[in-house]
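Structure record follows, encoded as structure tokens.
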Amino acid sequence: ACGSSSTSTTGSGGAGGGKVGIDYPRADSDFWNSYIKYVPQMAAEQKVDLMPATNSQNDVAKLVSNVQALVGQGAKAIVMAPQDTGAIATTLQQLENKKIPVVSVDTRPDKGKVSMVVRADNRAYGTKACEFLGEKLGGKGKVVQLMGSLSSINGRDRAEAFRECMKTKFPGITVFEEPTEWEGSKAASMLQTRLEQNPDIKGIYMHAGGVHLAPTLQVLKQKNLLVPPGDPKHVFVISNDGIPEELEAIRKGEIDATVSQPADLYAKYAMFYAKASLDGKTFKPGPTDHDSTIIQLPNGLEDQLPAPLVTKDNVDDKNLWGNQVK
Amino acid sequence: MKRFGPTVALNGASIAIAEGETHALVGRNGAGKSTLVSILTGLQPADEGEVLFAGEPAPALADRDAWRRRVACVYQKSTIIPALTVAENLFLNRQTEGGVIRWRALRARARELLDTYEVDVDVQALAGDLSVEQRQLVEIARALSFGARFIILDEPTARLDGPAIERLFTRMRSLREQGVTMMYISHHLDEVYEICQSVTVFRDARHIVTRPVAGFPHGELVDAMTGEATAAYQSRARTPGERVVLAGEGLSLAGRYREVDLTVRSGEVVGLAGSASSGKVGLAETLVGLRRPDAGTVTVNGVRVRPGDVPSALRAGLGFVPEDRHHEGFVPLLSVAENATIPIAGKLGRFGTVSPSRQRARAVQLIDDLDIKTEGPGQPVGDLSGGNAQKVVFARALVDDPSALVVINPTAGVDVKAKQALLGAVEDAVERGAGAVLVSDDLDDLRVCDRVLVMFHGRVVKDVPRGWTDHELVAVMEGIEQ
Amino acid sequence: MTTLTASPSPRVRLARFRDLTLVPVILILLVVGAVLDPTFLTSGNLTNVLQQQAAISLLVLAEAMILIAGKFDLSLESTVGMAPAIAVMLVIPASAGGFGLGLPGGLVIPLCLLVGAAIGAFNGFLIIKFQLSAFIVTLAMLIIVHGLQLGPTQGKTLFELPDSILYLGSAVWLGLPASIWIAGVLFAAGIAGLAYFRIGRSLYAIGGNIDAARAAGIRVDRVLWGVFILGGTLAALAGVLETGRLGAIGSNQGVGWIFMVFAAAVIGGVSMDGGKGTILGALTGVLVIGLVQNILTLKGVSGFWQPVVYGAIILVALIISRIAGGKAQD
Amino acid sequence: MTTLTASPSPRVRLARFRDLTLVPVILILLVVGAVLDPTFLTSGNLTNVLQQQAAISLLVLAEAMILIAGKFDLSLESTVGMAPAIAVMLVIPASAGGFGLGLPGGLVIPLCLLVGAAIGAFNGFLIIKFQLSAFIVTLAMLIIVHGLQLGPTQGKTLFELPDSILYLGSAVWLGLPASIWIAGVLFAAGIAGLAYFRIGRSLYAIGGNIDAARAAGIRVDRVLWGVFILGGTLAALAGVLETGRLGAIGSNQGVGWIFMVFAAAVIGGVSMDGGKGTILGALTGVLVIGLVQNILTLKGVSGFWQPVVYGAIILVALIISRIAGGKAQD
Ligand SMILES: Nc1ncnc2c1ncn2[C@@H]1O[C@H](COP(=O)(O)OP(=O)(O)OP(=O)(O)O)[C@@H](O)[C@H]1O
Ligand SMILES: Nc1ncnc2c1ncn2[C@@H]1O[C@H](COP(=O)(O)OP(=O)(O)OP(=O)(O)O)[C@@H](O)[C@H]1O
Ligand SMILES: [Mg+2]
Ligand SMILES: [Mg+2]
């Protein structure tokens, strides 16, 4: 259960009241688009007075000006997803001075007060993927890691965790890292080149199913490597995000697993904590009523939502967000 | 009638050219001659009035092919495309009747065409690598090659030297014998007398007179152009001083000129003459710092200037007029005042500022001195007529009261009266104590010189004192007589 | 008469090879690549390089023609994603993210090319009829066209594509990917068209001196408009090839390509000022860029330092082509 | 001789206001903004707009000068992130992600400006001494300079910054953010410098006709080099302001700005062909872009459709400035 006590903050517009401003980080990835679709739905369910959303298009400078505009228009709480976790510090400071609570979704700002961070642990994604591939490959062979943008914290967390886990737990596995900048075109070219150089690659970890899934399948198909798991030519593929297409690919046996990043829960608990902070509720570290744990950060709290590993066994689970859209 | 914004370029002007004649069109700079040419060749529509060819109305403006069958033209502004070869420029947009271009055949045709006009240019060379004269010859050859029965030549000789002009005239005579009609525009009135049968004079955008050339006295023609009684230019006599204001010693530049020495005293005008490729322009450009010599030194006012460095030459007291005003002469978008005062920008205000009022005042004075026709000192030079733009370049050369003046082809494309003004400006400066070097293909210009250095194949072959005849000088320039 | 003091022939002969100044760079890259990695010189790897460059090479072809004609088109990169996306949405059912018009799936490629041509026509309209700056018009169009993909797709990747649009980018003809054949044929057509046909030569005339071109009877506006339309169409075709290669249309397909396109064209000798350069030269530029990327991938250079190596190689190629070409660049 | 039917003054007087063709656009935007959202015309919001545009406006200032001189610099955008990042790494301890050189924190701004100047000097060196194409040199430098930030920082955000680099971007002087004052003063200096100073006027001469400028005794190479160095320095200063505003240096600070910089300069009347335009005009371009962004944000236009609206407004501004300016653009 959430430890809730009522120590109301001053100047936040009083209990139960106040508009919530929200900024979306980008509109060019499937995961975020699902999130964008869930937000108004969840806001309506929880009766949050949501302002028209802004979109910072993966540009922290835009995020800063968007937040200024939202505050100017009377937002009493802000939900954001700063993809650049450092450069938001000044803005958080200003918001704190104005006593405007901030919920940060998906990323954990390095500095500056946040009332709650809603995210799944991106390092855990990398570790889960590593463990999955390591076991399937029996601790030896070659794998490719299709990385996202190196300038994004989530991309870096996944990459580092994957790399470290491989080094410590499966030292027999060689890892090739491809900096794809979240671009399908680069991913296809790099994977194709790497398979040419090392035809014995047996595993692939994709950082983002939305951009990496189709190109990877296309390259594997071209190389005649798109075969069922039993076949010795099979290449094990684990994805990240859990969009419907990934689940479909798992059903068809084209890929083997994905780490489902819960877009619905992100939206739900973003709204929940925004409203809670307006209502003056506060929370304490510890397990929650929704299978997650709140941990203490130097600059706030973080609710670490569960990110399930999806394989052929649980792909039809109704609770997966990827099975709920359409 | 043709207007450009507030400027009326043609005002009820008309011209009728009889079949088979060579008809001259003369007038001062900006009289509207080139504007008429662009209307007659279908590049621009007239605001009012119409064009008739042999009594029939002209084709629609969009039908360029029909226009080109009726009239061919050497425009005043270059229509050469520098990045293409000579051969392709000659047959631009008619490389083939249709289908694939056969380059070898095209080159052969180009070679043949140039041979008939005795133009010694490699047809495979890029047109941009040609000298100004060669480019002009290519344009002429192209215009004549269309087989049109009517040909317009807008100042074709402004960039040609004596022998090339002679060859052009031979060609024009034989075309006329074949019944080709021509309209000929030039500021050299003696050429008009030599080649044309009748002449039309434009002034201030209006038609003034059309008369047969025979029995039209030279003086009256000039008066008709200028609208007032104009005396022929009289060069003035003077005694050169002792002070050497400009000297070149042992100058050599590979492929252009070799071992040239030259001294210019204060109060002296030294001419530089020579046929094409004699190296005279190259030498003059070295004196002003536009080129860096392989060997030798240049001294201005006793100061040895850094080779190939224009600013240091200007600082030492030099002023110059470059060969091609469009290339090195002026910045078209900037005003008359600004163009004229660039070299003295540092003296027009304190702490690196340029005071607009002082700049304007200086420019107004120069506009008066040189009689520049402009809307005012604020007008962009790009909007001026050719002769007036040339005067602005002169103004820039004179703005800092130079003690040494180098002018290269100063009167190319400039009308009679402007020519007098420009030569007068050179002489005025010399009378104020400057020394001048005057490079020209036009023998008339060289008459103001106290002595003429003749160059041949990159060497100074003779120092001819005042009092020469055309014949004598040409003989030296052609290398016939030493 | 003018006499030329030096014999002109060596100069002219050199000029003919000016298109090929990058050939030594390509040779160096081949040698370096072979030394660094044994896979590099295998036919499989080189085929991959060509296939990876096929789509972008069509943009380079288009941009080279537009640059030679003295204009500019930045919006090509957005067309690569937007034209196939819109075409696909016109044919797939609403449930798969389409408009639900129910047009037959076979129409998707013609529709896509049509969309590309329409974008080119609109660019040409603004630039030629309104006499607006080509750079800034096509910059605005770059943004708008990309928005016209984001808006209808709501930023989503289109996964359910008709087979017809996937075919060209993934088929193999006579042992080589179809996209290589297509790019090869189009480049051959471009090289021949710009070297041996009046319409192609008129691009040089227009880019070299537009007034002179007009005086010579070239229908300047019509030719320029045609080039913009052709450019848009080629970009749409590049989009088809890329879609087939990737198997889906992401919302940033083509985004960021235009810089590479310019880099390829310019190091290949096409002038930003118009009137200069050849399609063959542009092709060598594409190859240099493709080989550099391939070598960097094979060597697994750290993603953080890749841009530095990459940019430095472009600079070196530029310097080599400057020295070999002998002329100052604009 | 020219006969003047009309008095010449209207022409000249119009020319003087050609810099201000965007003023009607700005007025329309102010009215539209006020109608659409009550917050818009508040002094707080307008101050925000100015503060948000302060850093990018310095790039526009730099680019306008470079364009007027007839050159091009794309690499400015990478300098915005790289110069402060490197400067900061030189002073902070290794534990905070620095190089661990232990230089005093007060040096960070001078170091940053120095890095910017060095990048400009290197650009100038390649472009002027090697006579390479400015577009492509600075394109390569855009990539390299960004890589020189990614490499040392390993793509990480630097957030432990010395106070000195944060001050300018976050301080408030006399009720207005310091960055607005700084940008204002620099623009005033730029306007005066290009209108009333010899060195500024020489930029127009160089951009208008470089050979004529040389022949008139202007030290063209030196001036151009100076402009590139100044441009790099201004970009570094923009980086300082941006760093102060954001409180950290992200690995993509400045990335993607250059398109907006060109858009602002060109709709403000600066010609891509050199020799034309004013700093005041460029400033109006910045304001238009800032206001458009602000209105789109206030109205919460969907992120998917924003680019379309935005690009369309740039096009309209372009058309207005074309009609008001009266001349064909290049
Ligand atoms: N495109 C144009 N825009 C504005 N004014 C122009 C334009 N073309 C010509 N003019 C003006 O029209 C007038 C006539 O110019 P035109 O070129 O016909 O003179 P011209 O008789 O050929 O002179 P020149 O002997 O110098 O060649 C001049 O005042 C000139 O400034
Ligand atoms: N840019 C150039 N590059 C190479 N050679 C050149 C160049 N310009 C001129 N030349 C050659 O240099 C020689 C001397 O040229 P220069 O221009 O000095 O002669 P000139 O006496 O001025 O001739 P003209 O009277 O025809 O102008 C000629 O052979 C000419 O072809
Ligand atoms: Mg004329
Ligand atoms: Mg010459």
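Lettering follows sequence order; numbering is per chain, from 1. Atom set for the values below is all heavy atoms of this structure, side chains included, hydrogens, waters and symmetry mates excluded.
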Winner by heavy-atom pair count (cut-off under 4.5 Å) against chain B, out of C:S202, C:G193, C:A205: C:A205
Contacting region of B:W103 [heavy-atom separation from chain C under 4.5 Å]: side chain
Atom group of B:S78 that falls short of 4.5 Å from chain C, counting heavy atoms: backbone
For the student: nearest non-hydrogen atoms of B:L160 and B:D441, plus distance: O-CB, 4.3 Å
Check: C:F228 ring centroid to C:F72 ring centroid under 6.0 Å: no
Geometric cation-pi criterion B:R94 and B:F146, 6.0 Å radius, 45° cone: yes
Region of C:R198 that comes under 4.5 Å of a non-hydrogen atom in chain B: both
Between B:R70 and B:T41, a side-chain donor and acceptor under 3.5 Å: no
